[in-house]
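Here is the structure we will look at, set down as structure tokens.
Whatever order the structure lists ligands and atoms in, that order sets their numbers, starting from 1.
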Amino acid sequence: MSEATYLHTTRAAYDTVAVDYERLLRDELDAKPLDRAMLAAFAELAQAPGTGPVAELGCGPGRVTAHLHGLGVDVFGIDLSPEMVAVARRTHPGLRFDTGSMTGLELDDASLGGVVAWYSTVHTPPELLPTVFAECHRVLAPGGHMLLAFKVGDQHWHREQAYGHAVSLDIYWLPPDQVAELMAAAGLVLDARMVREPDDSEKPGQGRQGFFLAHKPDEAEAAR
Ligand SMILES: C[S@@+](CC[C@H](N)C(=O)[O-])C[C@H]1O[C@@H](n2cnc3c(N)ncnc32)[C@H](O)[C@@H]1O
């Protein structure tokens with residue numbers, strides 16, 4: 001799939017579901033202690049002084065952005081879908097949300113202390129993930145941290161229905177080793193890999209969930 005096609009279909013799908021997605025998922029993290037633990041670890045790591053703010057890439061309605069803000073993180077959200085950004089701004093009026101694509105971020109090099117992609121790369125065709133991870137590496141300051149949440153597996157789903165709406169949406173479940181290789185190829189150093197089983201709230205058959213913590217090496221580390 002071309003980058004233009006993927007961006008168009010994904011944007012259209014999330015524009016369609018934005019209001020119901022926010023309503024259905026706003027409290028989802030409450031029942032996910034392991035997911036919150038990864039966010040808490042990231043929040044602690046990404047608050048090193050002097051490295052810059054954190055961006056949640058593919059923030060949707062901003063529930064994870066708001067969760068990180070609640071943990072004391074200087075964070076803003078970016079999403080492809082203007083409707084998602086509108087919902088995020090309405091739901092969290094004190095926080096910053098911008099439209100944009102993680103395939104080409106309108107952010108300066110080395111300007112962020114952290115990036116989070118929380119189930120937002122799942123729609124990116126795997127052949128375009130090197131572009132996304134290269135963007136994450138570019139915008140991170142040396143020593144900055146990345147947290148990625150993704151669906152574990154080795155399949156491609158096409159959905160015609162989501163959150164009560166007709167959509168056309170592709171979802172890619174990836175083997176952890178493939179994700180690790182792609183991140184390493186972009187220059188990111190993996191610090192932790194958590195793969196957990198589906199919990200009670202997740203439909204049977206939804207599969208395992210992956211959470212990777214990584215960082216961009218500083219000059220001294222890169223030279224070693
Ligand atoms: C499954 S939702 C996750 C939203 C949010 N992170 C959360 O957990 O609630 C995926 C989000 O990623 C966004 N997205 C997908 N591809 C993107 C891209 N290339 N750039 C920015 N956002 C993207 C979609 O618009 C959608 O809002």
Side-chain angles (χ1 to χ4, degrees), residues 1-32 34-36 38-39 42 54-70 73 75-92 95 97-107 112 114-136 138-139 146-151 157 159 161-163 165 167-174 201-203 206-207 209-211:
M1 185 187 292
S2 74
E3 180 176 330
T5 305
Y6 133 70
L7 292 177
H8 175 78
T9 57
T10 305
R11 183 188 294 113
Y14 279 101
D15 277 349
T16 301
V17 306
V19 169
D20 287 313
Y21 182 103
E22 190 283 326
R23 179 177 58 79
L24 292 166
L25 293 192
R26 68 173 66 128
D27 298 324
E28 196 211 23
L29 278 175
D30 293 355
K32 296 185 184 293
L34 291 172
D35 303 18
R36 292 201 311 278
M38 294 303 281
L39 286 163
F42 171 82
V54 166
E56 192 201 350
L57 307 176
C59 62
R63 69 194 177 106
V64 173
T65 314
H67 183 81
L68 289 168
H69 175 73
V73 179
V75 61
F76 65 100
I78 296 175
D79 202 277
L80 187 61
S81 153
E83 286 302 325
M84 277 295 200
V85 169
V87 169
R89 287 176 178 160
R90 276 202 304 275
T91 311
H92 309 287
L95 297 181
F97 296 98
D98 300 332
T99 52
S101 173
M102 63 181 110
T103 52
L105 293 163
E106 291 181 21
L107 295 170
L112 299 179
V115 293
V116 176
W118 195 260
Y119 295 110
S120 53
T121 57
V122 298
H123 307 298
T124 305
E127 65 272 19
L128 294 177
L129 281 175
T131 303
V132 169
F133 291 148
E135 273 298 87
C136 293
R138 180 185 70 76
V139 297
M146 176 167 178
L147 176 60
L148 179 77
F150 63 99
K151 295 192 172 294
W157 294 93
R159 290 182 70 173
Q161 283 284 328
Y163 311 105
H165 297 269
V167 295
S168 175
L169 190 60
D170 293 288
I171 304 166
Y172 301 89
W173 298 27
L174 294 179
S201 71
E202 290 157 351
K203 289 174 203 151
Q206 192 173 345
Q209 313 291 320
F211 303 85

Can you find an N or O of [X] that's nearer than 3.5 Å to an N or O of ligand 1?
| X | value |
| --- | --- |
| Tyr119 | no |
| Tyr14 | no |
| Met102 | yes |
| Trp118 | yes |

Where's the contact between [X] and ligand 1, heavy-atom distance under 4.0 Å: side chain, backbone, both or neither?
| X | value |
| --- | --- |
| Tyr163 | neither |
| Leu80 | both |
| Leu57 | neither |

Quiz item: Thinking salt bridges, do Glu202 and Lys151 make one under a 4.0 Å N-O criterion?
Solution: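 The answer is no: the pair does not qualify as a salt bridge.
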
Quiz prompt | Salt bridge flag under 4.0 Å for residues Arg63 and Glu22 | solution =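 Judged by the 4.0 Å cut-off on N to carboxylate O distance, Arg63 and Glu22 do not form a salt bridge.
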
Exercise. Could you tell me whether ligand 1 has any atom less than 4.0 Å away from a heavy atom of Leu7?
Key: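 Yes, Leu7 has a heavy atom closer than 4.0 Å to ligand 1.
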
Exercise. Check whether any heavy atom of Arg11 sits under 4.0 Å from an atom of ligand 1.
Key: no

Options [options], ranked by nearest heavy atom to [atom], top entry:
| atom | options | value |
| --- | --- | --- |
| atom 25 (O) of ligand 1 | Val87, Asp79, Thr65, Leu25 | Asp79 |
| atom 5 (C) of ligand 1 | Pro61, Ala88, Cys59, Gly100 | Cys59 |
| atom 11 (C) of ligand 1 | Ala13, Gly58, Gly104, Ala18 | Gly58 |

Quiz item: So, do Phe211 and Trp118 have ring centers that fall under 6.0 Å from each other?
Solution: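 That pair passes the under 6.0 Å test.
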
